[in-house]
Amino acid sequence: MSPITEKSCIEVQHLSFYYLNQIILDNISFSITCGNYVGILGPNGSGKTTLLKIILGLLKPSEGTARVFDEDVAHLKHAAWIGYVPQSISHSGWNFPATVEEVVKTGRIAKIGMLKRWGKKDTAAVERAMELAGVDSYKKRLINHLSGGERQRIFIARALASEPKILILDEPTAGIDMTSQEAFYALLRTLNTTMNITILFVSHDIDVIAHEAKTILCLNRQLVCHVASKNFITKEHLEKLYGKKSKYILHNH
Amino acid sequence: MLEIFQFQFMIRAFIAGGVIAIVAPLIGNFLVVRRYSLMADTLAHVALAGVALGVITQTQPVVVAVITSILAALGIERLRSEKNMYGESILAIFLSGSLAIASVLLSTARGFSANLFSYLFGSIATISQFDVAIILLLGIITFAIILLLYKEFLFISFDQELASANGIRVQLLNTILIVLTAVTVAIAIRIVGALLIGALMVIPVITGMQFQRGFRISMILSIIFSLLSVFVGLFLAYYFNLASGGSIVMVALFFFIISLFKKRT
């Protein structure tokens with residue numbers, strides 16, 4: 001349907017990132033086709049969040065390039081086409097005296113542009129985002145009275161308000177109960193399959209990623225694997241990623 | 001007509017007070033949620049140094065205060081983003097540093113100490129026609145800019161990182177907000193006084209937030225409480241011969257305490 005379905009949406013080439021003489025990301029190259037659902041796995045400190053921040057244009061790569069929609073992320077004109085869902089648990093702004101609706105609306109602001117006013121289209125997009133994420137039933141409530149799962153859905157709604165083509169999520173289910181998590185993954189599946197939104201998902205939850213995502217990237221400073229999830233051989237890849245100890249992790253599941 | 005409005009200086013005080021009562025909490029809402037509350041106090045002390053400079057050079061104190069506090073605001077932002085310093089420490093340096101400059105400047109100016117009290121705590125009798133014109137002009141400009149950039153200011157206040165990732169010009173907006181803070185503080189110094197302007201930018205805001213109705217409605221409520229505080233405060237200052245800043249802030253405090261007892265609906 002969409003003309004860009006088979007094109008690559010995210011293109012990373014020879015990307016390295018150094019911080020205080022430490023290598024955080026080492027010569028990483030991959031490309032992600034539009035409409036893909038990519039899970040990124042990696043231990044703590046493997047550079048997952050750094051990689052996301054580079055793609056979002058929040059950090060500049062030390063070497064190499066990251067391109068989104070065939071444009072360098074440093075001067076990406078379509079920044080508002082990327083929806084970002086940060087770790088809900090780490091966000092410090094939950095005491096902010098705003099309603100759910102006010103927070104969701106902030107996701108639309110970049111798309112409207114400075115000095116321009118809200119139009120009917122914008123209001124409709126926000127309403128739709130709130131319905132999709134299932135927050136419309138509590139949209140007039142203040143965000144500080146909500147549970148972890150409810151808050152997470154606000155962040156999804158906010159990301160959807162800009163009608164993004166790419167959705168980037170950084171461990172979005174941390175600190176959220178199982179029932180909410182299941183509903184959350186179902187929502188991501190819907191967004192990916194029916195709305196053709198490309199999803200980039202960082203998680204610690206190997207089972208879920210292997211089950212939900214179409215493609216898996218394993219990151220440990222270098223790109224350890226880049227495979228279709230059906231070809232993801234848990235033992236082999238996990239040993240590369242986490243070392244021999246990974247056997248231990250598997251027994252627990 | 002009330003006796004109070006037969007005096008030109010009282011009419012001037014009400015006009016200037018009304019403008020400040022609207023603009024101060026408008027900015028204050030953004031300062032409070034960004035944990036910048038102390039910024040207003042710091043810039044007020046800088047403005048006081050500006051007033052002292054204006055008195056000594058026999059220029060317009062309000063104009064010099066506006067200029068010095070804008071320069072200080074830009075300096076604070078620069079230090080905060082470029083040097084690796086704690087935000088509060090930078091504020092502390094500017095706050096006490098400018099107070100030191102103000103005291104040195106004022107000790108060289110003879111006969112000013114009598115006037116000092118009015119700059120510290122506000123005074124209704126000393127507002128000139130020129131002051132009112134400046135306050136009106138800058139107040140309206142500030143008001144218009146905040147309304148125009150309201151959605152962007154809200155965005156960077158709630159989530160600066162996402163705003164930046166979305167291509168919002170966060171640095172520019174931060175600078176605009178802080179310059180507007182400097183302007184507001186400097187024009188408010190006449191009515192509310194350097195030591196009390198911070199209170200007018202914070203107390204009505206917190207009062208409005210007690211109603212738990214979201215950011216926009218909190219903002220409207222804070223303006224209503226601020227206007228009430230300024231007008232009631234000015235009446236009290238006139239009839240009981242009080243420092244206007246002190247009486248305004250005490251009325252604002254009264255509303256705040258009442259709001260604490262409000263039942264959550």
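To find a chain, count down the sequence lines: A is the first, B the second, and so on, and within it residues start at 1.
- Looking only at distances, a side-chain donor or acceptor of K111(A) sits under 3.5 Å from a matching main-chain atom of S162(A).
- F201(A) and Y37(A) have tilted rings, their planes meeting at an angle from 30° to 60° on a 0 to 90° scale.
- With chain A as partner, the option from L148(B), I168(B), L149(B), V33(B) having the largest number of non-hydrogen pairs under 4.5 angstrom is V33(B).
- Proximity to chain B at a heavy-atom threshold of 4.5 Å picks out A98(A), T99(A), E102(A), V103(A) from residues 98-105 of chain A, in numerical order.
- Heavy atoms closer than 4.5 Å to chain A are found in the side chain of L173(B), but not in its backbone.
- Between the side chain of N29(B) and the backbone N or O of P25(B) there is at least one donor-acceptor pair closer than 3.5 Å.
- Residue pairs meeting the salt bridge (Lys or Arg N to Asp or Glu O under 4.0 Å) criterion with at least one member in residues 29-58 of chain A, sequence neighbours excluded: K48(A)-E171(A), K53(A)-E161(B).
- By the neighbour-count criterion of 12 heavy atoms within 6.0 Å, atom CZ of F254(B) is sparsely surrounded, having that number or fewer from other residues, nucleotides or ligands.
- With respect to F155(A), the ring pair (Phe, Tyr, Trp, His ring centres under 6.0 Å) criterion is satisfied by exactly one of W94(A), Y84(A), F184(A): W94(A).
- Atom CZ of F143(B) has 12 or fewer neighbouring heavy atoms from other residues, nucleotides or ligands inside a 6.0 Å radius.
- A salt bridge links R67(A) to D70(A): one of the charged nitrogens lies within less than 4.0 Å of a carboxylate oxygen.
- One N or O on the side chain of N192(A) and one on the backbone of G35(A) form a donor-acceptor pair closer than 3.5 Å.
- Contacts of residues 115-132 of chain A with chain B at a heavy-atom distance below 4.5 Å involve L115(A), K116(A), W118(A), listed in sequence order.
- With hydrogens and angles ignored, the 3.5 Å screen pairs no side-chain donor or acceptor of S222(B) with any backbone N or O of P204(B).
- For F96(A) and F215(B), the ring centers sit closer than 6.0 Å to each other.
- Of all the listed residues (L162(B), I217(B), V32(B)), the one sharing the greatest number of non-hydrogen pairs under 4.5 Å with chain A is L162(B).
- For S69(B) (side chain) and A182(B) (main-chain N/O), a donor-acceptor pair under 3.5 Å exists by modelled atom type.
- Between the side chain of T207(B) and the backbone N or O of I203(B) there is at least one donor-acceptor pair closer than 3.5 Å.
- Taking chain A as the reference chain and counting heavy-atom pairs below 4.5 Å, the highest number among R169(B), E152(B), M209(B), R216(B) is found for E152(B).
- For the pair K151(B) (side chain) and G113(A) (backbone), a donor-acceptor distance under 3.5 Å is present.
- Between the side chain of S247(B) and the backbone N or O of G233(B), at least one donor-acceptor pair lies under 3.5 Å.
- Ranking L142(A), N144(A), L56(A), I112(A) against chain B, the residue ahead of the rest is L142(A), based on heavy-atom pairs under 4.5 Å.
- Using a 4.5 Å cut-off between non-hydrogen atoms, no part of residues 16-26 of chain A approaches chain B.
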